[in-house]
Amino acid sequence: MSNLTQIQEALAVMSSNSQDKQQALHFLEDFQKTPEAWNAVHTILSDQSSPLELRMFAAQTLRSKTTYDLHQIPQEQLAPLKDSIINFLIQYSTTSKLIRTQLCVSLSKFAIQYTTWPNALDEIMSKLQNNVPTLLEFLKVLPEESLDAKSTPLTDHEFRERINDLIVANVEKVLTLLSNFTQSSGNDSQAHALILDCLNSWIREIPVESLLQIEPLTNIIFQSLQDEESFDKAVECLCTIVNETQDIDNAQLIEALYQQIAQLRPLLKQYKDDPDVFGALTRLFVEAGEAWHVLIAKEPKKYLPLVEMLLECAAYDEDLEIVKYTFYFWYILKQMILPDRFAEAKEVLRPIYCQLINVMIRHLHYPNGSETDPLFSNKEEEEKFKDFRYDMGDVLKDCTAVVGAPVALSIPFEQIKTALQSPNAKWQDVEAPLFSLRAMAKEVSLKEDTIMPQIMELLVQLPENVKIRYAATLVLGRYTEWTSKHPEFLEKQLNYIINGFQASDPDIINAASHALMYFCHDCAKLLADYIEQLYSFYINILGSSIDKESLYEITDGIAHIIDKQDPNNIANATMMFIKPVMERLSKYAEAEGSEEVYTAIADEVEIVRYYFDVLRPRQFQAAEDPVANIAKEVYPLIATLIEKHGHSLKVSERCMKFTKTVIQTYALYLTDLLPTIVNLLVKGFQQTQFGCYLYVSGSVIREFGDEDTPDATRQAVWAFTYQQISTFLEVFKNTKPIEIPDLIEDFFRMMGDVLSFQIVSFVSSDILKSSFEIAVMSLDIEKFEPLVTTLHFLIDLVSWGFDSPPVSILNEIPPEVKQIVRTFVASNGGLLINALLQGLVFKFPSEAVLDASDLLGKTLRLAPSPEVSVQWLNAALDSFPAHTVSDQERNKLVQTVGNALASKDYRRIRMSVKDFVEWYSRKNVTPRFHN
């Protein structure tokens, strides 16, 4: 069966519902990489009677071959290949735009790599001069392809020189050509669109001053804004031109361009019913505003019309995504005009920002439904609107910073008062300005006492409505710092929030708990006298059906109030609040296991944990701490819960989270509790193999592993560490890394602490090699977090072979550690280099590439000599699939790395590995065929 027949059959499978699509895809991709594909492409494209799908595949293949496989063509055949591609372009000039585009890319890729082709652009322009649309498309594509240096085997220097020959040296020629085409095109909209498309690709290569002085081109850009077919292209060109003006110092030229753009303002009214056109105009005006925001600040009166145009864009009601285009402009302009030296601009623009507040509040209005049915067409639309409201909140903060808090706050305040006085007002008319008050909070001074007292009086008197109470509660929660400085408002606000817990709506309860937490944080001293009342409230809440997240927030707040009690009363207050929770936990310790019991235990343990997380020791020099003593009293119950119900992941995780908190908070006072904790961690991990026991083990190593810890304690902690590592090694031996990614992540997080606090014991032990080997095997995991944690462990391990230690309690590396690590890497570095290079090409997610490259570079540097490093690299390249690494690319990589190591140019190592990985991935990994 011929190749052409096989290709046609594979394409037919790709277009069908056949189960063999994957097989067909592999065949087509493999065929595209073969030398035989060159002849097949020529045969198919030469036959106009071939099916379009087949010719399209041939054009895609030619693009792929000229990108990756030009090395397959002998030097003497490059000139004939060039002629073939140009002839194909002429042949397909009027038949198929899709094929023509592929051929334009092919010719661009070919021209860039065929470095001995002199005057390439002159020849192409000459041969395509009678096919203007094709020539314009090629000229559009060429600069775009010149941005992608890594897709060719050329060195950086060769690529730059070639781009200089093809692009930079021909700018004037192309501009003249486009200007001539413009003058000969008359009123042909289609021709104008092609010219503008091409011009937009070259603008970044053209000095903008030169471009704006070519009258035919500037005229066609602005004229095309009145033409539907070329409108979008004209906007793109103008956006690019405006953006380029940021880098020129020619105020006269910018002002001339600004005056032309300002004359487009009537188009906003003309196209207000066409979101596509209005959106394009908004993008243009935003581009101008962002590019010239410094000029606006310097000459605000001159550029005021542009700011007004952007306000008009921001006020657009048909599509909020268009409104969003303007948001960054308002931010950078605000940043610019806040300093005193731009006081005039601030004064001139203050009315604009005041109007913008009104605009944003109008956009904040929910649709005209009820509070329970706000008339969104679907959940996605509702979530999108909510996200947009937070973005508008940022704009409102910007406005407040410019106009000042009293003026800004008075706008929503007056709107709320007006709505409350109107018989026809809707809940939206109150809720939207309430949201804006919340958004402005960060810009309001704690000393503000003109408008804020009036707002606070109003908030607690608003009519009952689900959405209004929810919004008002969140506003109160946002201004708790202000309330701490104005205690006369505390009681009314606190009552309003606590009354919210009587509501049946879960959103209101969530808002109330959130607000109460912030009140407890920021007004803790003021609330210290309310501890008895809060206890009664808390007991009622504990026995209610309130959701757990809200209960946690309330508990966190209560803990902050206890923290502000008289030091002599803190322990008693703590016991008062946790006692009912502990009583329930004691009952669960005796209960039979069930999911309901496990969930209840986890929730109650988390409540208790909040107190120990907030109530930190006051005097570390004291012999004991009263809350730490409570932790010691509580811990036996935690141990009992683990012993009875620890086979539940939910119970183990929450109990371990509690353990980690008390260790980190009270380690100094828990030495006598350490044996209990350690035994619990060892036994728990052996019995359950849950990762939570390992991440808490890391806390033990960290808190009891520094040099200030007594030797006996440190030795005991190392024995414990050795046990945990040994248990994990046994678990790993009996499973596959892909089956336990989360456990691997927890293990290597713990190992990071081992390297920081127990490096001497670890590298001197018999588990160094085993730990390293499982780390290398774990690099096969494609899940990001376990992978990057493993990489960090290996980076830290290898780093101990250098002169300066990684993050550690040690100020310098013990000589024996450095020698052991260097010897170890010399014996095992090849294994690691192979795994890293394979991972970088085939497996690692992009977010892990930086760490993997860092590790690869450090490992190569730690080799006994540059020659050994090169041997490791060559061995790693030998493991790649046959014939996928050309001799040219191999030599380029190993020679560059070898030279960089010899000259200690370590950045060059990273860059050369990065270049190789990108080249190999594009050539052999990234799919070439797209159906």
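Nothing here was measured: the structure is a model prediction, and the numbers come from that model. Nothing fancy with the numbering, it's 1 onward along the sequence.
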Tyr695 and Arg749: CA distance, side-chain angles, deciding distance, side-chain contact (heavy atoms from CB on, under 4.5 Å) verdict: CA-CA 7 Å; Tyr695 74 66; Arg749 284 195 190 284; 5.5 Å; no

Evaluation steps, side-chain hydrogen bond (donor to acceptor under 3.5 Å, both in side chains), between Thr884 and Tyr920: CA-CA 8 Å; Thr884 59; Tyr920 188 94; 2.7 Å; yes

Verdict with supporting geometry, Ser15 and Glu53, side-chain hydrogen bond (donor to acceptor under 3.5 Å, both in side chains): CA-CA 10 Å; Ser15 302; Glu53 185 181 38; 2.7 Å; yes

side-chain contact (heavy atoms from CB on, under 4.5 Å) between Gln72 and Lys65, worked out: CA-CA 9 Å; Gln72 295 174 345; Lys65 301 298 285 182; 2.9 Å; yes

Check against salt bridge (Lys or Arg N to Asp or Glu O under 4.0 Å), Lys324 and Asp391: CA-CA 8 Å; Lys324 200 171 181 177; Asp391 293 332; 2.9 Å; yes

Residues Ser879, Asn834; criterion side-chain hydrogen bond (donor to acceptor under 3.5 Å, both in side chains); working and verdict: CA-CA 8 Å; Ser879 69; Asn834 182 63; 2.7 Å; yes

side-chain contact (heavy atoms from CB on, under 4.5 Å) between Ile781 and Thr790, worked out: CA-CA 10 Å; Ile781 299 175; Thr790 305; 6.0 Å; no

Glu918 vs Lys914, salt bridge (Lys or Arg N to Asp or Glu O under 4.0 Å): CA-CA, chis, key distance, verdict: CA-CA 6 Å; Glu918 288 179 351; Lys914 179 174 178 284; 3.1 Å; yes

Pair Leu901-Arg861, side-chain contact (heavy atoms from CB on, under 4.5 Å): steps then yes or no: CA-CA 7 Å; Leu901 284 167; Arg861 287 166 55 191; 3.9 Å; yes

Pair Lys140-Asn200, side-chain hydrogen bond (donor to acceptor under 3.5 Å, both in side chains): steps then yes or no: CA-CA 8 Å; Lys140 169 189 176 294; Asn200 198 39; over 6 Å; no

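Contact of the Ile795 side chain with the Asp854 side chain is registered, since non-hydrogen atoms from C-beta on lie closer than 4.5 Å. Contact annotation: the side chain of Lys109 never approaches that of Arg63 to less than 4.5 Å [non-hydrogen atoms, C-beta and beyond]. Residues Leu873 and Phe916 form no side-chain contact, since every pair of their non-hydrogen atoms from C-beta on lies 4.5 Å or further apart. With contacts defined as side-chain heavy-atom distances shorter than 4.5 Å, the pair Pro737/Asp780 does not qualify. Within the 4.5 Å cutoff, side-chain heavy atoms of Gln723 are placed close to those of Gln686. Side-chain atoms of Lys858 and Leu862, non-hydrogen and from C-beta on, never get closer than 4.5 Å to each other. Side-chain contact between Leu107 and Thr66 is absent, with no heavy-atom pair separated by less than 4.5 Å. Residues Leu791 and Leu836 have side chains in contact (heavy-atom distance under 4.5 Å, counting atoms from C-beta outward).
Considering Arg702, Gln724, Met656, Lys660 in turn, Gln724 is the only one that fulfils the side-chain contact (heavy atoms from CB on, under 4.5 Å) rule with Ser697. Under the side-chain contact (heavy atoms from CB on, under 4.5 Å) rule, Arg160 has a single partner from Glu158, Arg162, His157, which is His157.
Heavy atoms of other residues, nucleotides or ligands lying less than 6.0 angstrom from CD of Gln335 number more than 12. The 12-atom threshold is exceeded at CZ of Phe802, counting heavy atoms of other residues, nucleotides or ligands nearer than 6.0 Å. Atom CG of Leu850 sits in a sparse spot, with 12 or fewer heavy atoms from other residues, nucleotides or ligands closer than 6.0 Å. Surrounding OH of Tyr328 are at most 12 heavy atoms belonging to other residues, nucleotides or ligands under 6.0 Å away. Atom CG of Asp887 has 12 or fewer heavy atoms from other residues, nucleotides or ligands within 6.0 Å.
Aromatic ring pairs are classed by plane angle as parallel below 30°, tilted from 30° to 60° and perpendicular above 60°; the pair Tyr722 and Trp718 is perpendicular. Ring geometry for Phe728 against Phe732 counts as tilted: the plane angle lies between 30° and 60°, on a 0 to 90° scale.
Between the side chains of Ser201 and Glu144, a donor-acceptor pair is found at a separation under 3.5 Å. For Gln32 and Ser64, the side-chain atoms include no donor-acceptor pair closer than 3.5 Å. Between Ser886 and Gln888, the side chains place no donor N or O within less than 3.5 Å of an acceptor N or O (distance only, hydrogens not considered). Checked by atom type, the side-chain pair Thr599/Lys650 shows a donor-acceptor distance below 3.5 Å. Under the 3.5 Å distance criterion, with hydrogens and angles disregarded, a donor-acceptor pair is assigned to the side chains of Glu739 and Thr735. Between the side chains of Tyr552 and Asp603, at least one donor N or O lies within less than 3.5 Å of an accepting N or O. Defined by atom type and a distance below 3.5 Å, a donor-acceptor pair is missing between the side-chain atoms of Ser853 and Arg910.
The pair Lys384-Glu381 fails the salt-bridge criterion, with no side-chain N (NZ, NE, NH1 or NH2) lying under 4.0 Å from an Asp/Glu carboxylate O. Checked for salt-bridge contact, Lys892 and Asp915 miss the test: no charged N lies under 4.0 Å from a carboxylate O. Ion pairing of Glu553 with Lys548 is absent here, as no side-chain N (NZ or NE/NH1/NH2) approaches a carboxylate O to less than 4.0 Å. A salt bridge between Glu653 and Lys657 is absent, with no side-chain N of the basic residue lying under 4.0 Å from a carboxylate O of the acidic one.
Taking the six-membered ring for Trp and the full ring otherwise, the centers of His647 and Tyr598 sit less than 6.0 Å from each other. Ring to ring, Phe685 and Phe690 are not that close: their centroids are 6.0 angstrom or more apart. Taking the ring centroids of Phe747 and Phe793, they lie at or beyond the 6.0 Å cut-off.
Separation of atoms CD (Glu29) and OG1 (Thr34) is listed at 13.0 Å; rounding is to 0.5 Å. Distance CG/Leu743 to OH/Tyr693: 13.0 Å, rounded to 0.5 Å. In this structure, CG in Leu70 is found 6.0 Å from CZ in Phe110, a value given to the nearest 0.5 Å. Residue Leu787 holds its CG atom at 11.0 Å from CZ of Phe748, rounded to the nearest 0.5 Å.
Residue pairs meeting the salt bridge (Lys or Arg N to Asp or Glu O under 4.0 Å) criterion with at least one member in residues 830-839: none, sequence neighbours excluded.
Asn899 places a side-chain N or O within donor-acceptor distance of the main-chain N or O of Gln895, the cut-off being under 3.5 Å. Ser16 contributes a side-chain N or O that, together with a main-chain N or O of Val13, makes up a donor-acceptor pair within less than 3.5 Å.
Taking the salt bridge (Lys or Arg N to Asp or Glu O under 4.0 Å) definition, one finds that Asp319 meets it with nothing, sequence neighbours left out.
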